[in-house]
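What follows is one structure encoded as structure tokens, with my remarks underneath.
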Amino acid sequence: TSGVLVQPQQPGAECPEDSGDYCGLQETNSPFVFLSVALKFTDKHEWVQVEGGVGIVGISNYAQEALGDVVYCGLPEVGQRLEQMDEFGALESVKAASELYSPLTGEVTEINTELAENPGLVNKDCYAKGWIIKMTIEKPEELDGLMDQAAYDKFVTSLE
Amino acid sequence: MRGGQPLVEVVRLGLVSYQEALRLQQVYVNRHRSGPAHALLLCEHPPVYTTGIRHKPYPEPLLDQLRLLGADVARANRGGLITFHGPGQLVCYPVLNLCSFKKSVRWYVDQLEQTVIALCSRFAIRATTSPHTGVWVGDNKICAIGIHCGRYITSHGLALNCCTDLSWFDHIVPCGIEGKGVTSLSAELRRHASVEEVVPHLLHAFTQQFNCQLTEAAQDGGESLTPVTSAGTSALTNLKDN
């Protein structure tokens, strides 16, 4: 087969030479990784990926660049209920605390505890290891209102 | 692309408690809901130590020790670690909508640093940035920066030591950075430099760096806005008697 399934790399590790287009987990923060479902995006630059009925949430490459090096992640408690657009935490970079907004309505099921020791994952691997929270999806129709990759790319271009 | 320069209202609060300034910042943050309403709040605080969203390094017993010194203690939703605000320190809270400028927090903080560096150079002081956010003269921090951003609206801001009693900083590791000190404009100039003297220079540097226009509310607190030129000291002296 022509495709190579790339094992998740350590942040900063060298990209294996023969992984070609499928290497999406390195510095480029490219979303071209093997995902079962495509990412949806909010206009606040968060992404959601649905996996097994649960939404995984993170911030986009555009967002992590605009923030600078993340030194701290203020995350919610597991079990916290969020309405779409509720503030659920903050990322700190360059002495700036930037709010995070919930892309969906649901309950927090998991937070990325790796970020306590390694907040820089949000910069280095924003679509994979830098995920921030996982949450239930109370209103699946909210996903329809989010942007797909193409729409989000267009949105980002319009900002620049 | 935006044509023209954004208009920023200068709001002189005088000496206000940290809590009162937080309340007022929220008022100005909320104004942005109905459209761009940029404001630059200027004030001084009675002695207060503040922490940011990373408040865990500062447990209550430590904060109680600081209260015993006669200072207030407050927690804020800004970035940055522990710092001190007090008389003689010019505190500036820009409440801007970054949509009218550049939608990057990293850019915004950089602009604040450059504004203060430009201000220092007007006093012939060579100030720099460092890997630690803030503005430094050598190994001593002259201005602390810590901000909050939500939906592109900024709050909190910068704190520039003009003639601050720097001994207040002895009781903390300012901004969590060991082995470095603090300084003030007065200390660097070896003469008294008051907040009043410094304000016009900050406003001038701000308009240059952010490419904006300043305005001030009418004295009677009415709706009319008096345009303020960005030409510098001479244009602003007539506004000194608030």
Side-chain angles (χ1 to χ4, degrees), chain A residues 29 41-46 59-77 82-103 111 113 115-120 122-124 126 132 152-160, chain B residues 1-2 29 50-57 75-83 94 96 98-114 116 129-136 141 143-159 174-177:
Chain A
N29 270 327
F41 294 83
T42 72
D43 64 355
K44 289 179 187 49
H45 311 286
E46 281 112 7
I59 64 167
S60 70
N61 186 50
Y62 176 87
Q64 70 81 15
E65 270 190 358
L67 282 178
D69 292 340
V70 175
V71 300
Y72 174 76
C73 305
L75 301 180
E77 303 277 315
L82 302 170
E83 296 276 335
Q84 192 180 40
M85 297 206 286
D86 272 355
E87 290 168 8
F88 73 83
L91 299 178
E92 184 176 341
S93 61
V94 293
K95 303 284 171 83
S98 299
E99 294 286 348
L100 293 164
Y101 299 93
S102 185
I111 61 173
T113 51
L115 297 179
E117 288 301 305
N118 202 348
V122 173
N123 299 108
K124 288 184 281 255
C126 61
I132 301 175
Y152 179 69
D153 288 345
K154 209 169 161 189
F155 172 64
V156 165
T157 311
S158 76
L159 297 173
E160 268 144 13
Chain B
M1 283 286 124
R2 293 200 160 256
V29 164
T50 68
T51 55
I53 59 172
R54 280 182 285 165
H55 52 82
K56 281 203 178 135
R75 216 190 255 185
N77 67 350
R78 58 159 174 78
L81 291 166
I82 194 166
T83 194
L96 310 179
L98 293 182
C99 293
S100 301
F101 295 90
K102 189 171 157 148
K103 290 177 182 173
S104 162
V105 144
R106 193 168 69 164
W107 172 88
Y108 172 59
V109 169
D110 196 49
Q111 295 300 103
L112 289 179
E113 288 175 328
Q114 295 306 317
V116 175
T129 57
S130 82
H132 309 285
T133 300
V135 179
W136 300 77
K141 185 182 275 198
C143 180
I145 291 173
I147 71 138
H148 176 270
C149 188
R151 293 186 166 88
Y152 299 117
I153 313 295
T154 66
S155 57
H156 299 277
L158 61 92
C175 312
I177 304 164

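All values below were derived from every heavy atom in this structure, side-chain atoms included, with hydrogens, water molecules and symmetry-related copies excluded. A quick note: this is a predicted structure, and the numbers were derived from the prediction, not measured.
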Subject >> Interface moiety of Leu100(A) toward chain B, non-hydrogen atoms closer than 4.5 Å >> reply: neither

**OP:** Among the options Gly74(A), Ser93(A), Ala96(A), pick out the one with the most heavy-atom pairs lying under 4.5 Å from chain B.
**Re:** Ala96(A)

**OP:** Check whether any side-chain heavy atom of Arg78(B) sits under 4.5 Å from a side-chain heavy atom of Lys95(A), and report yes or no.
**Re:** no

Nearest heavy atoms of [X] and [Y], plus distance in Å:
| X | Y | answer |
| --- | --- | --- |
| Ala66(A) | Ser104(B) | O-OG, 3.0 Å |
| Glu99(A) | Asn77(B) | OE2-ND2, 4.4 Å |
| Arg106(B) | Gly68(A) | CD-CA, 3.4 Å |
| Val105(B) | Leu67(A) | CG1-O, 4.3 Å |
| Met85(A) | Arg151(B) | O-NH2, 3.1 Å |

Original post:
Would you find more than 12 non-hydrogen atoms of other residues, nucleotides or ligands less than 6.0 Å from Asp69(A) atom CG?
Top reply: no

Original post:
Would one find more than 12 heavy atoms of other residues, nucleotides or ligands at under 6.0 Å from atom NZ of Lys102(B)?
Top reply: no

Subject >> Part of Tyr152(B) lying under 4.5 Å from any heavy atom of chain A >> reply: side chain

**OP:** Calculate, to the nearest 0.5 Å, the distance between atoms OG and CD1 belonging to Ser98(A) and Ile147(B) respectively.
**Re:** 6.5 Å

